[in-house]
Amino acid sequence: MLLDTLIFDPSPCGFPKPRVPLLPTGLDGLALNTAQPWAPTSHFRHFARGRYALREAYRLSGIGPGSTLLAPAYHCRTMLDPALALGGNVLLYPLHTNLSPNLAALDALINQSPAPVKALLATHFFGIAQDFAALAAWCIERGITLIEDGSHAFFCEHHRPAGIGGHGEFVVSSPYKFLPSPDGGLLYARDAGRLKSLSTRAPAVVNELRGMHFAWSKAAEQRNNRAALAPAHLDAELAAIAAARHSAAIDRHELAGTSADYRPDHEGYTALRFSRMLYRHPDIDSIAQRRRDHYRQWAMATMNLPYCRPLYPELPEGCIPYMFPLIIDNPEPHFTRLKQLGVPIFRWDSSAVSGCATASDYRLHLLHLPCHQSLTGRDMDWMIAAITKVGAGETAHNYS
Ligand SMILES: Cc1ncc(COP(=O)(O)O)c(C=O)c1O
């Protein structure tokens, strides 16, 4: 199936690499002690990324030719890729502005489906637990498998965040977003019997070595980049950006299948042994504390800025956030300037089109900013100064 997709291509802009890492690095968040799993290991399978764990969850739920997956209208393409790779249809369900599913719209959607709906993906965006009780009841009534997407939650063999993983028949997560591991995707099945027929392959030793090298070089790169972070230089840097001519990004419609981020040749491979060794040593309390502190710093710093606002100003108790979601009024020029400065930002600006107003608004207006445990005070000060200054004064901006 091909989906009407909006592709945002920033390549003409020549954005520099982020000057602060988007994900944890080094040994940050690791402890010497070995943690105990909260469920027998027969309930878990490890993969190279969450997207390949999703593939197995979709497949085991019956997604393939002649079936449909319901997925959130606000998404990154790797959430849909595995269903498309399996030959299934994808229908997007709308979300409220707080990113909770619009339950009232679901029945109409299954009536429109060209094929029976076999599975529904429900996402705990940014690590904030959503209450999926009513959604789970809706799925059970219709014989649809609920898959909880815990890719933004610190859901792993050794930690189960409050409110996450209690409703889905399957839960999928991405441990590499919380621990400094080179890869990692986790599949949890409430009924371990569903995983009995699922076998995985071990990556080659050379990939283990590449993984270790990747982890080491990321940490070294971060040390070097950090030395050049100076809030005092931001005014001059912004003035230089404003004075220069920049090519604009290309935003285009395309009928698209799987994205380049989905590699069929990576399907079925387990996470690296090196990554799985790191997963056994999480320092959960320090990860939670540091991420929550950084999130609060972001919220305080952006709450009263004129051009942006936090999507969730308050963190629920016990929540370990993945990123800090910030809504900006004017992607142009503010997103572009932040990227030109090298501020680390994720944005789901390439995604399949739906009639959901929230998804269409957030595609270009919702920024995902890092709050992970590897950030230092200096990193936070620099990023916050950049966000504050970028919106403070409008200077001339040239686009060719
Ligand atoms: C909400 C969500 N679900 C699933 C995925 C796929 O996870 P992974 O990057 O581990 O393949 C992503 C990608 O980052 C995601 O943001």
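Whatever order the structure lists them in is the order used to number ligands and atoms, beginning at 1.
Under a 4.0 Å heavy-atom criterion, G185 is not in contact with ligand 1.
Of the heavy atoms in H75, none comes closer than 4.0 Å to ligand 1. Proximity of F125 to ligand 1, defined as any heavy-atom pair under 4.0 Å, is not found for any part of the residue. Residue M79 touches ligand 1 through its side chain alone, judged by heavy-atom distances below 4.0 Å. The residue F346 has no part lying near ligand 1, judged by heavy-atom distances below 4.0 Å.
Contact between T302 and P310 at its shortest, heavy atoms only, is OG1-CG, 3.6 Å. In plain terms, the two heavy atoms of H334 and I328 that are nearest each other are CB-CD1, 4.5 Å.
Nearest-heavy-atom check against atom 4 (C) of ligand 1 across G127, S173, S151, G184 picks out S151.
Nearest protein heavy-atom neighbour of atom 11 (O) of ligand 1: R51 NE, 2.6 Å. Among all protein heavy atoms, the one lying closest to atom 7 (O) of ligand 1 is S174 OG, 3.3 Å. At the shortest separation from atom 3 (N) of ligand 1 among protein heavy atoms lies D149 OD2, 2.7 Å. Protein heavy atom closest to atom 14 (O) of ligand 1, with residue, atom name and distance, is K177 NZ, 2.6 Å.
Close contacts between ligand 1 and Y176 involve ligand atoms 8 (P), 9 (O), 10 (O) [criterion: under 4.0 Å to a heavy atom]. Residue contact check: C76 has heavy atoms under 4.0 Å from atoms 12 (C), 13 (C), 15 (C), 16 (O) of ligand 1. Of all the atoms in ligand 1, the ones that sit under 4.0 Å from a non-hydrogen atom of W348 are 1 (C), 16 (O). Set against the non-hydrogen atoms of G50, the atoms of ligand 1 under 4.0 Å away are 7 (O), 8 (P), 10 (O), 11 (O).
Considering F178, Y176, Y322, F126 as possible partners of F154, the one that fulfils the ring-ring contact (aromatic ring centres under 6.0 Å, His included) test is F178.
Residue-to-ligand polar distances keep T78 apart from ligand 1: every N/O pair is separated by 3.5 Å or more. Checking only distances, H152 does come within under 3.5 Å of ligand 1, N or O to N or O. For ligand 1, the polar-atom distance check finds no N/O of R49 at less than 3.5 Å from any of the ligand's N/O atoms. Between T123 and ligand 1, no pair of N/O atoms sits closer than 3.5 Å.
One distance of note links CG of L54 with OG1 of T78; it measures 7.5 Å at 0.5 Å rounding. The CG atom of L27 lies 11.5 Å from the NE2 atom of H281; values are rounded to the nearest 0.5 Å. Here L135 contributes atom CG and S100 contributes atom OG; the two are 10.0 Å apart, rounded to the nearest 0.5 Å. Distance check: L341 CG to W382 CH2 gives 5.5 Å after rounding to the nearest 0.5 Å.
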Between R363 and D251, does the salt bridge (Lys or Arg N to Asp or Glu O under 4.0 Å) criterion hold? Intermediate values first, please. CA-CA 11 Å; R363 185 176 76 90; D251 204 13; 2.7 Å; yes
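Within a 6.0 Å sphere centred on CE of M303, other residues, nucleotides and ligands contribute more than 12 heavy atoms.
Between W38 and F155, the ring planes are perpendicular. Angles over 60° get that label, and only those under 30° would be called parallel.
For the pair R347 and F335, the cation-pi test (distance below 6.0 Å, angle within 45°) is passed.
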